[in-house]
Amino acid sequence: MGEEVGQHTFTRADRTRYRARLRRCLEAFARMLRESHFEFERPMTGLEIELNLVDERGEPTMCNARTLEAIADPDFQTELGQWNLEINVSPRRLNGDGAKTFEDDVRASLNAAEANANRIGAHLIMVGILPTLRQDHLTGASLSLNPRYELLNDQILAERGEDLHIAIDGVERLRATCDTIVPEAACTSTQFHLQVSPAQFPAYWNAAQAIAGVQVAVGANSPFLLGKHLWAETRIALFEQATDTRREELKAQGGRPRVWFGERWITSIFDLFEENARYFSALLPICSEEDPFEVLDRGDTPSLQELRLHNGTIYRWNRPIYAVTRDRAHLRVENRVLPAGPTVIDTMANGAFYFGLVRTLAEDERPIWTRMSFSAAEENFHTCARNGIDASIYWPGLGTVPVAELVLRRLLPMADEGLRKWDVDAGERDRLLGVIEQRCLTGTTGASWQQRRFRRLFDTTGLDRFDTLRTLVGEYREHMHTNEPVHSWPD
């Protein structure tokens, strides 16, 4: 949804024309795959982090436009809610000290942004769901002012035809109704991008799907929503429901959700884009004037705008990306399963674990997806979202095993091997994967720290629930700025 949009009403003719143009983009993409029109010789990695804005009391503050003016950094941009921002970090290679420069650049950008935001009374927090959000924050008045967000809101609700109903059963039980898609803005994530060749894409996507549950378990950081203690990574359940365009009848008929794990292993990136066109109607049927075949015939690279825009409104947890940079097309796996935070070093540790493990699994002579059903991978994903670091999941050759044990005994060595193949310095491998190791040894993630700290504050201070959550957010913010990994934070 990074595209600027200006049209606010769509006719039946717009939708018919868009469908035809989307099909033409898909045919052009198939030709590009056959003719090898993609750059992949020097694979790059990318990083995006979504942030929350809070005031001195730890409450969400609706000032992202003013904060962007104060920050004055083009790497930052608005997100759906007025208490959200996103930072897009320049892509780079992982080899050598690439991971360290990622960390240094993010820390420098966030520190500068925090100092500038402070001038207008705002603070930046990296957390999957801001614990101090309340129902009265989730209204249309909280939508960011960019017209594309209002348009997306209108289109989703028009297709759904009724209000959104949020129902999550966790440690506690939540039922809520909203007449906007603003609950989606409560979900702030970290997104890792990995550039791959067309031939490599299926293996890397399948591998990313296979480990999505493990990623969520060791990176969970979203235990609270609207004052309720729910899942370790409540953001998964919330995002799946907050962007669901299906009426109850369509759910009963088996219609696919727009926030989608998928339903099968793939053999080509084309499979995913074809599913997008086959299963999902256009939310934003905005047509370009480009004919992709004319562009290809003259030796240039088409933007495939309709394909890209449609793909941006289908929220796969691992999403295929087609992009054009300096007139060269490339493909990426966008890994979207992780929440933001708790710290920059925790974020980079999550990235090192993902980039290393996915490479080893993608290049395995006997791929994991040949030994595990897709439904098992999806069940692992939701089990880990519910239970976090305490989850037990299915793994080929082991059966049902605690996630922490699986990571310590099997997956960390595989992640280290993958990072070695990326030519990451040994010291960086040890430092970052050591953070994951300590989370597993101590049982401490962002989610478990929040849960324990909330319970201690609530039981010993006499504060009510929301004052306890405000205190929790204040302490979280202080720890976040130390950049000490969450497993070392005092309870």
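Atoms considered below: every heavy atom in the structure, side chains included; atoms not considered: hydrogens, waters and symmetry mates. We're numbering straight along the sequence, starting at 1.
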Strictly below 4.0 Å, N to O, side chains only: are [X] and [Y] in salt-bridge contact?
X	Y	result
E334	R319	yes
R298	D300	yes
D491	R453	no
E263	R256	yes
R359	E363	yes
R431	E428	yes
R92	D105	yes
D346	R439	yes
R31	E35	yes

Report the distance from atom [atom1] of [X] to atom [atom2] of [Y], rounding to the nearest 0.5 Å.
X	Y	atom1	atom2	result
C187	R235	SG	CZ	6.5 Å
N335	T45	CG	OG1	12.5 Å
L283	R15	CG	CZ	8.0 Å
N380	Q215	CG	CD	12.5 Å

Handout entry: R316: partners by side-chain hydrogen bond (donor to acceptor under 3.5 Å, both in side chains), with sequence neighbours left out
Key =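 side-chain hydrogen bond (donor to acceptor under 3.5 Å, both in side chains) check on R316 returns E275, N276.
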
Handout entry: Under 3.5 Å donor-acceptor, S268 side chain and F270 backbone
Key =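 Checking the backbone N and O of F270 against the side chain of S268, a donor-acceptor pair under 3.5 Å is found.
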
Are the aromatic ring centres of [X] and [Y] under 6.0 angstrom apart?
X	Y	result
W489	Y476	yes
W317	F261	no
H229	F224	yes

Handout entry: For the student: nearest non-hydrogen atoms of A242 and E184, plus distance
Key =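 Shortest heavy-atom contact: CB-N, 3.6 Å.
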
Problem - For the student: nearest non-hydrogen atoms of S109 and F76, plus distance - result: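 Answer, listing the atom of S109 first, then F76: O-CZ, 3.9 Å.
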
Practice task
Step through the shown structure and confirm whether more than 12 heavy atoms of other residues, nucleotides or ligands are within 6.0 Å of CZ on R452.
Solution key: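 Above 12, so yes.
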
Exercise for the section: Output, in order, the C-alpha distance, side-chain angles, deciding distance and verdict of side chain to side chain contact (heavy atoms under 4.5 Å, CB included) for F192 and L338. Expected result: CA-CA 9 Å; F192 296 115; L338 286 170; 3.5 Å; yes

